There are 2 protein chains.
Amino acid sequence: MDERTLEKALARAEALCAERGVRLTPQRRRVLELVCRAGHPIGAYDILSQIREGAAAAPPTVYRALDFLLEQGLVHKLETLHAYIGCTHPEHPHSSQFLICADCGDVTELEDESIVGSLRTAAAETGFKPSRPIVEVIGTCANCALKPPRK
Amino acid sequence: MDERTLEKALARAEALCAERGVRLTPQRRRVLELVCRAGHPIGAYDILSQIREGAAAAPPTVYRALDFLLEQGLVHKLETLHAYIGCTHPEHPHSSQFLICADCGDVTELEDESIVGSLRTAAAETGFKPSRPIVEVIGTCANCALKPPRK
DNA sequence: TTGCGGGACGTTATAAAGTTACTTTTGATT
DNA sequence: AATCAAAAGTAACTTTATAACGTCCCGCAA
Ligand SMILES: [Zn+2]
Ligand SMILES: [Zn+2]
Ligand SMILES: [Zn+2]
Ligand SMILES: [Zn+2]
């Protein structure tokens, strides 16, 4: 994520948190910044080591900030990667889907109504009430499909 | 999984592996048995501790067996639970979806064409080539929706 | 028969991800 | 100023997974 986009994302997060009456503390803001700046999924311990460049810190510091950011929908967790990524449209709560390129590591966040719809329908048929649908598709992105695999 | 079903599942696994020219060794068979017997998602270290009741064993023993069983499509991994479950229809390779009850822990394996279709369509729109679609829906199963939450 | 060569397994150690429990600080409210 | 809860600091620990290397066993070729 470039500097310009980052600024906007952080400003938007500030505004959202203010609106919701929750505190985007400096720590939380810092973690959000690191997640966004990475531009790709980043692990909790990667975040931690970057934080440690400026100050002492331990795992709970990062995990607490991530918990907050996840609750507020400002970041998402990619379960298959054990990594976190900034949300591209945090304004409204949503259930999104991720396309994860196994070659270059790029991730695309989708919000596809037809996927959500088919999930809902299938669940309803068995009487299941979904609360958190996880959809992570591993594969090859358009870019990487064109060129020989990296390495 | 009851004893009767278990027998059948193991026999089916034997047959499949023979057909494919791969070896369902005693270790692998034992791990498959433990996964199936559990009847619900079971962690690698739970499997390990059960194996240890009979003999010395270390994590790689279990993970290697699981890798084999995953490759052969005899078990699935639930990424959100870090746990493994027997496949209900291992005859043909497939990409399935899981409904995971957060209350009772029960998991239903679906093979829903409309979900797969909508995933394929959405991916195709961005030029993404899916190889491993992960779909795990956390929620409440029909049974648990009826009665007050456990605990 | 002997000597590969590869797959399966044993063993030790370590990495990576996440949590618990308890203390201290901070900041808003009264 | 006193109070209280949310946030952050800190140390230890648990859980999940992998790396690295050695051994055994079996099929097959020389
Ligand atoms: Zn999002
Ligand atoms: Zn790519
Ligand atoms: Zn299956
Ligand atoms: Zn249930």
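Because the structure is a prediction, the values reported are computed rather than measured. Sequence lines set the chain letters: A, B, ... in the order given, protein chains first and strands last, and positions in each chain run from 1. Side chains are part of it too, since the values below use all heavy atoms of this structure and drop only hydrogens, waters and symmetry mates.
- With hydrogens and angles ignored, the 3.5 Å screen pairs no side-chain donor or acceptor of B/Thr5 with any backbone N or O of B/Met1.
- Taking the six-membered ring wherever Trp is involved, the centroid distance between the rings of A/Phe98 and A/His76 falls below 6.0 Å.
- Here the C1' atom of nucleotide D/dT15 and the CD1 atom of B/Ile47 are 14 Å apart, to the nearest Å.
- In this entry the distance linking CG of A/Leu66 with C1' of C/dT19 reads 14 Å, nearest Å.
- The separation between A/Ile42 atom CD1 and C/dA17 atom P is 11 Å, rounded to whole Å.
- When the P atom of D/dA17 is taken as reference, atom CG of B/Asp46 falls 11 Å away, rounded to whole Å.
- In the set C/dT12, C/dG27, C/dG10, C/dG10 carries the atom at the smallest distance from any side-chain atom of B/Gln27.
- Rounded to an integer number of Å, the gap from CZ of A/Arg52 to C1' of D/dG9 is 12 Å.
- Between A/Tyr84 and C/dG18 there is a side-chain N or O to OP1 or OP2 distance below 4.0 Å.
- Centre separation under 5.5 Å together with a plane angle under 30° does not hold for the ring of A/Tyr63 and the six-membered base ring of C/dT19, so they are not marked as stacked.
- Put simply, B/Thr25 has no side-chain N or O that comes within less than 4.0 Å of OP1 or OP2 on C/dA8.
- The closest side-chain heavy-atom distance from A/Cys87 to A/Glu109 is below 4.5 Å.
- Looking only at atom types and distance, the side chain of B/Ser96 has no donor-acceptor partner in the side chain of B/Glu111 under 3.5 Å away.
- Applying the 4.0 Å criterion to OP1 and OP2 of D/dA17, one finds that B/Lys77 has a side-chain N or O inside that range.
- Using a 30° and 60° split on the angle between ring planes, B/Tyr63 and B/Tyr45 fall in the perpendicular class, above 60°.
- Out of C/dG10, C/dT20, D/dT18, the shortest distance to the side chain of A/Pro60 is found at C/dT20.
- Distances were taken from every side-chain heavy atom of A/Arg28 (C-beta onward) to each of D/dA17, D/dA8, C/dA17; the shortest belongs to D/dA8.
- A/Tyr45 has its OH atom 9 Å from the C1' atom of C/dT19, to the nearest Å.
- Side-chain nitrogen and oxygen atoms of A/His82 include none within less than 4.0 Å of the OP1 or OP2 phosphate oxygen of C/dA16.
- Rounded to whole Å, atom P of C/dA17 lies 16 Å from atom CG of A/Asp67.
- Of all nucleotides listed (C/dG18, D/dG9, C/dG27), D/dG9 comes nearest to the side chain of A/Arg64.
- Rounding to whole angstrom units, CG of residue A/Leu78 and P of C/dA17 are separated by 13 Å.
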